Amino acid sequence: MADSVGTHSSKKSPFLSLRLYIVIGICSAFLIASFLLIFLCFFSKRRAKRRRTILKHGSGSLPLVSKDITEINSSDRTEIKVESGGKKGSSDQSEFSGGSQSETTTSSSAVSSVDGGNIGWGRWYSFKELETATGGFSDENVVGEGGYGIVYRGVLLDGSVVAVKSLLNNKGQAEKEFKVEVEAIGKVRHKNLVGLIGYCAEGAKRLLVYEYVENGNLEQWLHGDVGPCSPLTWDVRLKIAIGTAKGLAYLHEGLEPKVVHRDVKSSNILLDRKWNAKVSDFGLAKLLGSESTYVTTRVMGTFGYVSPEYANTGMLNEGSDVYSFGILLMELITGKSPVDYSRPPGEMNLVDWFKGMVSSRRGEEALDPRIQVQPSPRALKRALLVCLRCIDLDTEKRPKMGQIVHMLEADEFPFRSEPRTNKDTAPLRSHEAVTCKFPNALKETVGGDVQRSKRR
């Protein structure tokens, strides 16, 4: 029997007149090679996908939210407590879970429904909870109002005070701002940024819950009725400026992708009882990856604070925030709004008026008259210089926010100028070349800015 099988397999086959056992060997080798190739392709794709996931959600990066924010009904909502800075989940459903889930539920269906909707950076609140906390969203609890929502003061059941922002659903704007704010600051924690505690998404309602900052916003203290003597002394104003700069520096230089706020203005700078500044309202923020120098977007922001290059081209980067900060600092120094049509014609535009005051050697006259104790001449010169550097029309010459922090925190104004008597009391001269010696700062001159403004 074995001899007959061997004889049969040794016969020549019709395929190239090869013996049958050779043909069988070739086919077997081909099948094995095919299986190996398929396995290698599958394994390499899995490794590539895993590598992309690690690069996208690695340490220090902001997890993105986008389309996977889903609604959770109050009937199947389970409270999820999340610790900021926890590990991210590896499965598709837990990809947006930025923290560690701490409480188990009695129903597996409830767990699955929460996992599908939880975006991981805080806790979900039901609309009923927030309605109760704000007294039915009463007018008495309104602490702020903007183009995209109303902010209420709320007291939760545990007694904690929060700020509840109810987003206005104008042509889907509520959903857009909800996603943008969570993407931008959902996991960000910084003492100069308002912290996001939680959110609510039921039906078409979109609400954000923030830490409550009890001392109002900077606009109220600068332009509200505070009497002839402002409680914002020079030291307080400088503290607010430095705090704001630190918050923006963290967004620009401490995160990947970086966050461009796009709406830096006095009403978006909240103040606590110790005058610590907290940057708020990230509804217009944009994420900018390290591989991009700018992002092209529809021009949005507040008139008077928007940088000229962004207004003209729609090309946005962190330099736009630097310009807006320069206007904000100018506002702190002068106590004037960026645009005020109630002022005389030559003073309606703060930037033009400010540059004119500096160029005519009257920088000290630009100081807010409600400041009782005036700053030293060197401190004022330093602040004026930072303003001019921030609003430079050449975006390449604007300092980074980290550099601005160093410049504002300097104990004294380090500059070189032409020798003259009474150097400490002499006004800042627009024609003198004042060279910064701050670490990594710009080596530019104040005179260049002022001369360009005069020619314009």
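All values reported here derive from a predicted model rather than from experimental measurement.
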Tyr294 atom OH, over 12 foreign heavy atoms within 6.0 Å: no
Working to the nearest 0.5 angstrom, can you tell me the gap between [X] [atom1] and [Y] [atom2]?
X	Y	atom1	atom2	value
Leu332	Leu367	CG	CG	11.0 Å
Lys246	Leu408	NZ	CG	10.5 Å
Tyr199	Trp124	OH	CH2	6.5 Å
Met401	His406	CE	NE2	11.5 Å
Ser307	Asp392	OG	CG	12.0 Å
Lys336	Asn349	NZ	CG	12.5 Å

[Y] side chain reached by [X] side chain, heavy atoms, under 4.5 Å:
X	Y	answer
Val226	Pro231	yes
Asn192	Val279	no
Phe282	Leu193	yes
Leu388	Met330	no
Ile240	Leu271	yes
Arg237	Glu331	no
Thr134	Arg153	no
Gln374	Leu380	no

Over all atoms of both residues, closest heavy-atom pair of [X] and [Y]:
X	Y	answer
Leu329	Ala383	CD2-O, 3.9 Å
Ser359	Gly356	OG-O, 2.9 Å
Cys387	Ile333	SG-CD1, 3.6 Å
Arg298	Tyr310	O-OH, 2.9 Å
Gly335	Asp368	CA-OD2, 3.5 Å
Lys239	Lys274	NZ-O, 2.8 Å

Between the side chains of [X] and [Y], is a donor N or O closer than 3.5 angstrom to an acceptor N or O?
X	Y	answer
Thr302	Asp263	yes
Glu309	Thr395	no
His261	Glu318	no
Asn141	Ser138	yes

Pairs involving residues 158-169, ordered by first then second residue, that meet salt bridge (Lys or Arg N to Asp or Glu O under 4.0 Å) (sequence neighbours left out):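 Output for this query lists Lys165-Glu177, Lys165-Glu181, Lys165-Asp281.
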Tell me whether [X] contacts the main-chain N or O of [Y] through its side chain, where contact means a donor paired with an acceptor under 3.5 Å.
X	Y	value
Ser230	Leu232	yes
Glu365	Arg362	no
Glu145	Ile150	no
Asp321	Arg262	yes
Ser160	Leu156	no
Thr132	Lys128	yes
Arg389	Pro399	no
Arg206	Leu167	no
Glu253	Tyr250	no
Glu131	Gly136	no

Residue pair Asn317, Thr293: steps toward the side-chain hydrogen bond (donor to acceptor under 3.5 Å, both in side chains) verdict: CA-CA 7 Å; Asn317 61 14; Thr293 56; over 6 Å; no
Stepwise side-chain hydrogen bond (donor to acceptor under 3.5 Å, both in side chains) test for Asp340 and Ser342: CA-CA 5 Å; Asp340 187 351; Ser342 66; 2.5 Å; yes
Lys265 charged N/C atom sitting above Tyr305 aromatic ring, 6.0 Å / 45°: no
Close aromatic pair by centroid cut-off 6.0 Å: Tyr212 and Tyr152: no
Val322 vs Phe325, side chain to side chain contact (heavy atoms under 4.5 Å, CB included): CA-CA, chis, key distance, verdict: CA-CA 5 Å; Val322 173; Phe325 176 81; 5.6 Å; no
From CA spacing to verdict: side chain to side chain contact (heavy atoms under 4.5 Å, CB included), Ile404, Val386: CA-CA 7 Å; Ile404 292 173; Val386 174; 4.0 Å; yes
Stepwise side chain to side chain contact (heavy atoms under 4.5 Å, CB included) check, Glu219 with Asn268: CA-CA 8 Å; Glu219 182 185 42; Asn268 284 340; over 6 Å; no
Side chain to side chain contact (heavy atoms under 4.5 Å, CB included) evaluation trace for Cys200 with Lys205: CA-CA 7 Å; Cys200 168; Lys205 299 179 179 67; 5.5 Å; no
Salt bridge flag under 4.0 Å for residues Glu364 and Lys381: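 Judged by the 4.0 Å cut-off on N to carboxylate O distance, Glu364 and Lys381 do not form a salt bridge.
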